[in-house]
Amino acid sequence: MAQASSPDPRSPLRALLRRMPKAELHLHIEGSLEPELIFRLAARNGVTLPYASVDALRAAYAFTDLQSFLDLYYAGASVLLQEQDFFDMAWAYFERAAADNVVRAELFFDPQTHTERGVPIEAVIGGLADACARAHAEFGIESALILCFLRHLSEDEAFATLEAALPHRAHFIGVGLDSSERGHPPEKFARVFARAGELGLHRVAHAGEEGPAAYIETALDLLQVQRIDHGVRCTESPALVQRLARTRVPLTVCPLSNVRLCVYPDLAAHPLPALLDAGLCVTINSDDPAYFGGYVVQNYLELFDAHPALTVQHARQLAANSFEASFASASRKACWLRELDAVVARMTA
Ligand code: HPA
Ligand code: ZN
């Protein structure tokens, strides 16, 4: 007689990872552009792509480092021309986020990638802000926009971008720093981050993804950032790990991104579980999900698969950290924590 297969002892944990409410805090909206949508927008806008098909484009997603990814990421974004394109891109993300039980999303956007192609900044921000409003109305997802400066460009260009965005100040809550990290240390942007602080904007920066642990320290000390994006190379400095544990300055970690960009050979080698156990406010995020093999729940699932020692309590702590690390109000955070604990209690009873 055929043996009935025994139930997977990890499946209740996998269900919890899907079902629990969570915040996503490190998501480049241009990195959510799936190949199918790239082709649809290219056709709509009369843009010619150097790939014959969706499959040919997807086949090119074999990255060796951050720069090899960024080259394709900027090429993909070249199909975005009209306000409607930015709306459609963000709406597609929110549909995925709703399916992953994301209740708060803080979205990075790169205005310079678009303004340098002649796209008006109001088309960029207008389309994204409309999608954010509709996501709240239809899915109850609370969201916010964070304007990122491209660090391979100059600080003067960052200043010009900030000035151009100020008429739309109501639609973004903070500034960030992304693109090629090595050779572009945080101090290059110290003055524009100081200006952002004067304007009452939140400040975050990518640091310690490919760059050294020292970039995490200078982002904290010279840019006064409230969160570090990635930050995984803090492991190279025990003193910095201790500082991050003590201050609970959050790290927005992106496990699948780190493997796809060859920061780690595989998820089993990823330091997130050790950082969590050391008391850091680490969070799980998807970075550029269309390019790196999955949205936020996929990041949770694959990380937990690769680390059998991770438990329900770790899952709860990661979701709680995502709320703690968000820029939402204290009352919203308290409300999501209560929902989280209710879901954990129900699913582990
Ligand atoms: N790192 C730096 N810049 C980026 C990334 C990233 O992972 N994704 C989009 N821009
Ligand atoms: Zn990123």
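Counting starts at 1 for both ligands and their atoms, in listed order. Only a predicted model underlies this, so the values are computations on that prediction, with no experimental measurement involved.
When all heavy atoms of Q112 and T161 are compared, the closest pair comes out as CG-OG1, 3.2 Å. Contact record, S326 with E106: CB-OE2, 3.4 Å, taken as the closest heavy-atom pair.
Residue contacts with ligand 1, taken as heavy atom pairs separated by less than 4.0 Å, involve H230 solely via side-chain atoms from C-beta onward. Of all the heavy atoms of Y73, the ones lying under 4.0 Å from any atom of ligand 1 belong exclusively to the side chain. Of all the heavy atoms of D229, none lies under 4.0 Å from any atom of ligand 1, so neither backbone nor side chain is involved. At a 4.0 Å heavy-atom cut-off, ligand 1 does not touch D110 at all.
Annotation: atom 3 (N) of ligand 1 to nearest protein heavy atom, S179 N, 2.8 Å. Nearest non-hydrogen protein atom to atom 8 (N) of ligand 1 is D288 OD2, 2.7 Å. The closest protein non-hydrogen atom to atom 5 (C) of ligand 1 is H28 NE2, 3.5 Å. Closest protein heavy atom to atom 7 (O) of ligand 1: D287 OD2, 2.7 Å.
Looking at L272, N258, L303 one by one, the single match for side-chain contact (heavy atoms from CB on, under 4.5 Å) with L267 turns out to be L303. A salt bridge (Lys or Arg N to Asp or Glu O under 4.0 Å) with D88 holds for exactly one of R44, R134, R40; it is R44.
Residues E209 and L261 form a side-chain contact, since some pair of their non-hydrogen atoms from C-beta on lies under 4.5 Å apart. Between P255 and I284, some side-chain heavy-atom pair lies under the 4.5 Å cut-off.
For a distance bound of 2.8 Å, the N, O or S atoms of C254 include none lying that close to the Zn ion (ligand 2). The Zn ion (ligand 2) has no N, O or S atom of D229 under 2.8 Å away, backbone or side chain. Taking backbone and side-chain atoms together, H206 has an N/O/S atom less than 2.8 Å away from the Zn ion (ligand 2).
Under a cutoff of 6.0 Å and an axis angle of 45°, R227 and F327 form a cation-pi pair.
Interface of F69 with ligand 1, defined as ligand atoms under 4.0 Å from a residue heavy atom, comprises 8 (N), 9 (C). Against a heavy-atom cut-off of under 4.0 Å, E209 is close to the following atoms of ligand 1: 1 (N), 2 (C), 6 (C), 7 (O).
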Show your working on side-chain hydrogen bond (donor to acceptor under 3.5 Å, both in side chains) between Q298 and S286 and close with a plain yes or no. CA-CA 8 Å; Q298 195 64 25; S286 67; over 6 Å; no
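Relative ring orientation between H230 and H206 is described as perpendicular, the plane-to-plane angle rising above 60° on a 0-90° scale split at 30° and 60°.
Looking at D287 and the Zn ion (ligand 2) together, the shortest N, O or S contact belongs to OD1.
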